[in-house]
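So that the names make sense, note that chain A is the first sequence line, chain B the second, and so on, each numbered from 1.
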Number of protein chains: 2
Amino acid sequence: MGRSYRVGEVATLTRVSVRTLHHYDRIGLLRPAAHSSGGYRMYGESDLLRLQQILTLRYLGFPLKRIGELLGRPDFDLVASLRVQRQALRERSAELERISTAVGDLVERRLETGAWSWELVIEASQAVGASLTQREETMEAHYTPEQMKQFAAVGETTPPEEIASIEREWTELLAEVRANYDLDPASATARALGDRAEALTARTMRGYEPYPELTEAIGANYEKGAFEGNMLAPQAADFAFLARVKAAR
Amino acid sequence: MGRSYRVGEVATLTRVSVRTLHHYDRIGLLRPAAHSSGGYRMYGESDLLRLQQILTLRYLGFPLKRIGELLGRPDFDLVASLRVQRQALRERSAELERISTAVGDLVERRLETGAWSWELVIEASQAVGASLTQREETMEAHYTPEQMKQFAAVGETTPPEEIASIEREWTELLAEVRANYDLDPASATARALGDRAEALTARTMRGYEPYPELTEAIGANYEKGAFEGNMLAPQAADFAFLARVKAAR
DNA sequence: ATAAAGCCTGACGTAACGTCAGAGTCAAGG
DNA sequence: CCTTGACTCTGACGTTACGTCAGGCTTTAT
């Protein structure tokens, strides 16, 4: 029997306003587990978990209405949802990085040439605009029943130590790659790195194999800089190097 | 004399809705440079630049009213503002990364122990909530008149090739550091890496020296994973290694 | 010159809260 | 046990940043 919390406590703990919690209660998104005799809202621990889901999904751009529908679906799986969230947060982070470089390019060009590059201005606006309009569509795709089920299934087929081992090896490999960006792509050392990368990719994908659409989606995300695990994230330059190696046969 | 655009063009170019542009016109945030004889809004290129500012600042959480005030300030400097924006976007990206790992920790724990860790649930919620409530305050700090002036001054004192050189050296150094995480922190090799890192930090900070508050703020951001340039970003593990080296004297 | 496509201006609607106001509830200390 | 200060409740109304028609001009392409 876990402890219970009053609105104010929940509010300070999760840094949302009391009024927001009232609001979520009224629209039926998060009703407290119980009420005191005097009518106070008493939240339980599972309520906190649900609130976490709500807050993260809201942060990712879902309207509250959709969140309610999602959380109410019979096939909703908390663990799968958290996985999707982590994935989406990483994607969003990479997106911000892209916007940031777009803005950076804009200043740089201005400082170099003394004039504004209107193409870069537009590019920067587009980047920020895209991340606001795309987001709903992108997220909806993640939360289709099939995707959820698939994400839920992955963890069960791949043991955690295999995941950890894969992440460690990626980190090591990337460190070596980064120390050798200037290497001749046709050299034996470079080819060896390329081979290791390919083998690791295969191992990484193993758990997802039964689900072709997922494999594809994950491949795309890799190149965009979004990842499942907490590993050192590969960057565009790493892929560029590996691509050069592959091109050099 | 640059070309001019109609609402629809601006809208598709920057991926905002026509209605949004109408709205910005009505509240006086972005009035088109001219009107056609028939009353069509005709936007000029400088309008696009202003729109970029608006969109980025909005993305960063500023209310439109504050944006209007900001852009109207007599000491407003476009280049400085863009620098601040890039910085802020990076910070936001790093924040997302933190939230993502918080969510990741939560799932992981659940899979390991079979039960939910309420502390981690709260932590995850807090992370999300913080990034929504903090944002205004944090950004306001960036946009004080002094900070703006200082950011504007930086680029003028440090030549671009010095910046490029510094970024390249950081990238090289980090690659080596990453290849040696397991090295004895007291070893000569490790100490050499530590020395190089300190020297580079000093060079990095040179341009900011006249402004102590900026130096401090930048130092803090480094550890949080936010950066000025487009370089390979150091990660927590890198700092951990360098800290170990320093601790080993 | 005649559509098709695009643009205009209200008027009204919506989401997700924020802001009081007035009244009731709780838990600790005297 | 009772008081008191901190907390909570429920409307009612306000706010921000647009979205959604509706009815009617403007442009541009053919």
Visitor: Using whole Å, report how far CG of L57(B) lies from C1' of dA17(D).
Guide: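 Answer to the nearest Å: 16 Å.
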
Visitor: Can you find a donor-acceptor pair, distance only, under 3.5 Å between R19(B) side chain and dT20(D) base?
Guide: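 Check passes, donor-acceptor contact within cut-off.
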
Visitor: Drop me the distance from L21(B)'s CG to R26(B)'s CZ, to the nearest 0.5 angstrom.
Guide: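 Answer rounded to 0.5 Å: 13.0 Å.
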
Visitor: Return the minimal non-hydrogen interatomic distance between G44(A) and A33(A), and the atom names on each side.
Guide: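 Heavy-atom minimum between the residues: N-CB, 4.0 Å.
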
Visitor: From the options dC26(C), dC18(D), dC17(C), select the nucleotide whose nearest atom is closest to the side chain of H23(B).
Guide: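 Comparing dC26(C), dC18(D), dC17(C) against the side chain of H23(B), the answer is dC18(D).
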
Visitor: Both R6(B) and R6(A) contact DNA chain C. Which one's nearest nucleotide lies toward the 5' end?
Guide: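 The residue whose closest nucleotide sits nearer the 5' end is R6(B).
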
Visitor: Hey, could you give me the CZ/CD distance between F76(A) and Q53(A), rounded to the nearest 0.5 Å?
Guide: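 Separation between the atoms: 4.5 Å.
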
Visitor: Just the rounded figure in Å: distance from C1' of dA17(D) to CG of L21(B).
Guide: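 L21(B) atom CG is separated from dA17(D) atom C1' by 13 Å.
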
Visitor: Specify the separation, in whole Å, of atom CD1 of I67(B) and atom C1' of dC18(D).
Guide: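 Rounded to the whole Å, the gap is 14 Å.
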
Visitor: Output the rounded distance in Å from OH (Y43(A)) to C1' (dC9(D)).
Guide: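 Atom-to-atom, Y43(A) to dC9(D), this comes out as 12 Å.
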
Visitor: Just to confirm, is there a sub-4.0 Å distance from OP1 or OP2 of dT16(D) to any side-chain nitrogen or oxygen of R58(B)?
Guide: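 Looking at the OP1 and OP2 atoms of dT16(D), neither is under 4.0 Å from any side-chain N or O of R58(B).
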
Visitor: Could you give the CD1-to-P distance, from I54(B) to dA17(D), as a whole number of Å?
Guide: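 Whole-Å distance recorded here is 12 Å.
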
Visitor: Please report, rounded to the nearest Å, how far the P atom of dA17(D) is from the CD1 atom of I27(B).
Guide: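 It works out to 7 Å between those atoms.
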
Visitor: Could you please name the option among dC9(D), dC18(D), dT27(D) that lies closest to any side-chain atom of S37(B)?
Guide: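 In terms of side-chain proximity for S37(B), the closest of dC9(D), dC18(D), dT27(D) is dT27(D).
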
Visitor: When you match D25(A) and S17(B) each to their closest nucleotide on DNA chain D, which lands nearer the 5' end?
Guide: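 Checking each residue's closest nucleotide, the 5'-ward one belongs to D25(A).
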
Visitor: For G38(B) and for K65(A), find the nucleotide of DNA chain C with the closest heavy atom, then tell me which residue's nucleotide is more 5'.
Guide: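 Nearest-nucleotide comparison on DNA chain C picks G38(B).
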
Visitor: In whole angstroms, how far is the C1' atom of dT26(D) from the NE2 atom of H35(B)?
Guide: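 After rounding, the reported distance stands at 14 Å.
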
Visitor: Does OP1 or OP2 of dC17(C) have a side-chain N or O of Y24(A) closer than 4.0 Å?
Guide: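 Checking dC17(C) against Y24(A), a side-chain N or O does come within under 4.0 Å of OP1 or OP2.
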
Visitor: Checking contacts here: which listed nucleotide (dC9(D), dT9(C), dC17(C)) is nearest the side-chain heavy atoms of H22(A)?
Guide: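 In terms of side-chain proximity for H22(A), the closest of dC9(D), dT9(C), dC17(C) is dC9(D).
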
Visitor: So, under a plain 3.5 Å distance rule, would you say the side chain of Y40(A) forms a donor-acceptor pair with the base of dC7(D)?
Guide: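 Counting by modelled atom types and ignoring angles, a donor-acceptor contact under 3.5 Å is found here.
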
Visitor: Just by distance, no angles: are the side chains of E97(B) and S93(B) close enough, under 3.5 Å, to form a donor-acceptor pair?
Guide: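 Note: E97(B) and S93(B) side chains miss the donor-acceptor criterion.
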
Visitor: dG18(C), dT9(C), dT27(D): which one has an atom nearest the side-chain heavy atoms of T20(A)?
Guide: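 Nearest to the side-chain atoms of T20(A), counting from C-beta on, is dG18(C).
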
Visitor: What integer distance in Å separates R26(A):CZ from dC17(C):C1'?
Guide: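 Rounded to whole Å, this separation is 11 Å.
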
Visitor: If only side-chain N and O atoms of S36(B) are considered, is one of them under 4.0 Å from the OP1 or OP2 phosphate oxygen of dT27(D)?
Guide: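 So the side-chain polar atoms of S36(B) do come within 4.0 Å of the phosphate oxygens OP1 or OP2 of dT27(D), strictly under.
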
Visitor: Establish, from distance only, whether the side-chain atoms of R58(A) and Y24(A) form a donor-acceptor pair under 3.5 Å.
Guide: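 A donor-acceptor contact under 3.5 Å links the two side chains.
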
